[in-house]
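Values below: all heavy atoms of this structure, side chains included; hydrogens, waters and symmetry mates excluded. Keep in mind that what you see is a predicted model, and the values were worked out from it rather than measured.
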Amino acid sequence: MAAATAVSGLVAAGVLSGAGTAVADVSPQTQGGAAATINGLKVYGEAVIHTDGGDERVDAGLFEMSVDGGGTLQTYCVDLHNPTQRDARYQETPWSGTSLGANKDAGKIHWILQHSYPQVNDLASLARQAGVGALSEQDAAAGTQVAIWRYSDGAAVDAVDPQAEKLADYLEKSARNSGEPQASLTLDPPAISGRPGDVLGPVTVHTNAGTATVVPPADADTSGVRIIDTTGKVVTSVRDGSRVYFDIPEGAADGTADLTLQASTTVPVGRAFASESRSQTQILAGSSESTVSATATATWAAKGAVPAVSARKNCAAGGVDIIAANKGDQPFTFELMGAEHTIPAGASRTVTVPLQEDQAYDFTVTGPNGFSHRFTGLLDCKTQGTVTTQTAEVRSLPSPATVGGAAPDTTDLAATGGSAITPLIAGVAIGLVVIGGAVLVLLRNREQPLD
């Protein structure tokens, strides 16, 4: 237990400090898009995972998520050996922030999603393509999940139902590389800086929605900060490719402002969804019309360094990138993991903080004029957790009476992932049995009459 705590515990890398301190804004590494809560498995069959420790049976199929602000998502798992936490919160995430970023077969998973259930909901047609007699929804979901696991986790896994297994084989053999889909909504860059009286930007909109609504800064009426387009006109809605700017009044007090965009769209199939609670990574298979959002922050000051700082997970480098820019007339210096970094006036730099797999982190960047920004999260870049499948049971919970129904009401929805705590529970149970036996022996000895 101590070893597990050391590996998965919070990494507080300390303050990335410049001149001055303030209460930090907490910024999980989200780059916009849909945020959702996982509800559980909704349509599924069974599969068998073959490991050195033997064969283990799991449930395999479609999860359902509820989107913040409205909407429903359907997802498959791409992280077989980690459990799914009940009611875990998820955020739309670039492939580079998940195990898919370093997976040469990620594009094949995207192809499978585009060419199987539920995107192909004509099951008779799908069955003909796969060369099987007929497919139920449960068979289609199980077969699709099995094919995905073979590419996402490199797993030796088969579907229990013969029809589902034939579908899995067909999808695996037919898959071709398909590029990463566009984000539902992001802003680039997510942080900018400059001087009062300047127009700060541009911030470029990337979205698959027809239009997105502009939510101006909360104190825009009193601060005078406006969100404008390239012509200087105040904007209330934008499209993909639109460029917007923060118009900061002359003489404005040093400060910050947020620009938020909101839209309603179907999230593109193949988008990854990651959780900060070490709940297994998901990939999108289907979306209703859903609410998506993205935020960009502007910082300004009359003199000195004027930093703009953002962060993103970088699974290829095994860490978190801290992106720092300085639009001021003096250098911006901060300390990171014991090393000092200086951003010259007018320059930018990316510093990668190396982390161990499954580590939580908490970084705070501070700067002049009370600038302070805090970044929190958890690095989950690999499909195998700290406990290997040889020692962790991946057996599913008992299936409900109606196949395709909701998963049982338990702490973890471990039907499609490994549970690293199972061996610990077994060990504790064995220990209690041994202790109990010893106590009984002692009691019996005490009851014997003395000679």
Side-chain angles (χ1 to χ4, degrees), residues 6-31 94 96-97 101 187-196 198 200-201 203 246 248 253-258 276 295-381:
V7 170
S8 61
L10 177 68
V11 175
V15 174
L16 321 182
S17 59
T21 59
V23 176
D25 295 328
V26 179
S27 300
Q29 271 57 77
T30 62
Q31 296 178 316
S96 60
L187 289 170
D188 181 34
I192 57 176
S193 61
R195 297 293 191 203
D198 288 347
L200 311 185
V203 175
F246 289 80
I248 312 301
D254 298 350
T256 63
D258 289 338
E276 301 298 346
T295 299
T297 301
T299 302
W300 62 90
K303 60 182 180 179
V306 189
V309 180
S310 60
R312 65 190 174 204
K313 294 178 184 176
N314 184 343
C315 284
V320 174
D321 288 340
I322 304 294
I323 303 99
N326 177 16
K327 292 294 186 178
D329 55 18
Q330 296 179 11
F332 169 53
T333 299
F334 62 92
E335 184 179 314
L336 174 58
M337 301 287 284
E340 188 176 88
H341 302 272
T342 298
I343 313 299
S348 63
R349 181 176 298 173
T350 298
V351 179
T352 300
V353 183
L355 297 172
Q356 294 182 10
E357 177 69 7
D358 297 326
Q359 280 190 320
Y361 54 89
D362 190 339
F363 306 130
T364 299
V365 179
T366 65
N369 307 305
F371 177 88
S372 184
H373 220 81
R374 180 182 174 194
F375 300 99
T376 63
L378 183 144
L379 191 73
D380 185 7
C381 292

Considering non-hydrogen atoms only, spot the tightest contact between [X] and [Y] and give its length.
X      : Y      : value
Pro331 : Ala305 : O-CB, 3.5 Å
Pro189 : Val203 : O-CG1, 3.8 Å
Thr299 : Pro307 : CB-O, 3.7 Å
Trp300 : Ala257 : CZ3-N, 3.6 Å
Ala301 : Pro196 : O-CD, 3.3 Å
Ala298 : Leu200 : CB-CD1, 4.2 Å

* Show your working on side chain to side chain contact (heavy atoms under 4.5 Å, CB included) between Phe332 and Val365 and close with a plain yes or no. => CA-CA 11 Å; Phe332 169 53; Val365 179; 4.0 Å; yes
Rounded to the nearest 0.5 Å, how far apart are [atom1] of [X] and [atom2] of [Y]?
X      : Y      : atom1 : atom2 : result
Ile192 : Thr256 : CD1   : OG1   : 12.0 Å
Ile343 : Thr350 : CD1   : OG1   : 8.5 Å
Ser348 : Lys327 : OG    : NZ    : 7.5 Å
Thr342 : Arg349 : OG1   : CZ    : 7.0 Å
Asp321 : Lys313 : CG    : NZ    : 12.5 Å

Candidate list Thr364, Val353, Val309, test side chain to side chain contact (heavy atoms under 4.5 Å, CB included), partner Phe375, passing option:
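Between Phe375 and the candidates, side chain to side chain contact (heavy atoms under 4.5 Å, CB included) is satisfied uniquely by Val309.
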Main chain of [Y], side chain of [X]: is a donor-acceptor contact present, judged purely on distance under 3.5 Å?
X      : Y      : result
Asn314 : Ala316 : yes
Gln359 : Leu379 : no
Asp329 : Ala345 : no

Item checked: Polar side chain donor-acceptor pair, Thr297 to Asp258, under 3.5 angstrom ->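 Their side chains do contain a donor-acceptor pair, which is all the 3.5 Å distance test asks for.
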task = Please report the C-alpha distance between Glu276 and Thr376 in whole Å, then the side-chain angles of each, then the deciding distance to 0.1 Å, and finally whether the side chain to side chain contact (heavy atoms under 4.5 Å, CB included) criterion is met.
result = CA-CA 9 Å; Glu276 301 298 346; Thr376 63; over 6 Å; no
Any salt bridge linking Asp362 with Arg374? Criterion: basic side-chain nitrogen under 4.0 Å from a carboxylate oxygen.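 The answer is yes: the pair qualifies as a salt bridge.
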message: Can you classify the ring geometry of Tyr361 versus Phe363 as parallel (below 30°), tilted (30 to 60°) or perpendicular (above 60°)?
response: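 Ring orientation, 0 to 90° scale: parallel.
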Q. Is Asp380 close to Asp358 at the side-chain level, that is, under 4.5 Å between some pair of heavy atoms?
A.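 Yes; the side chains approach each other to less than 4.5 Å.
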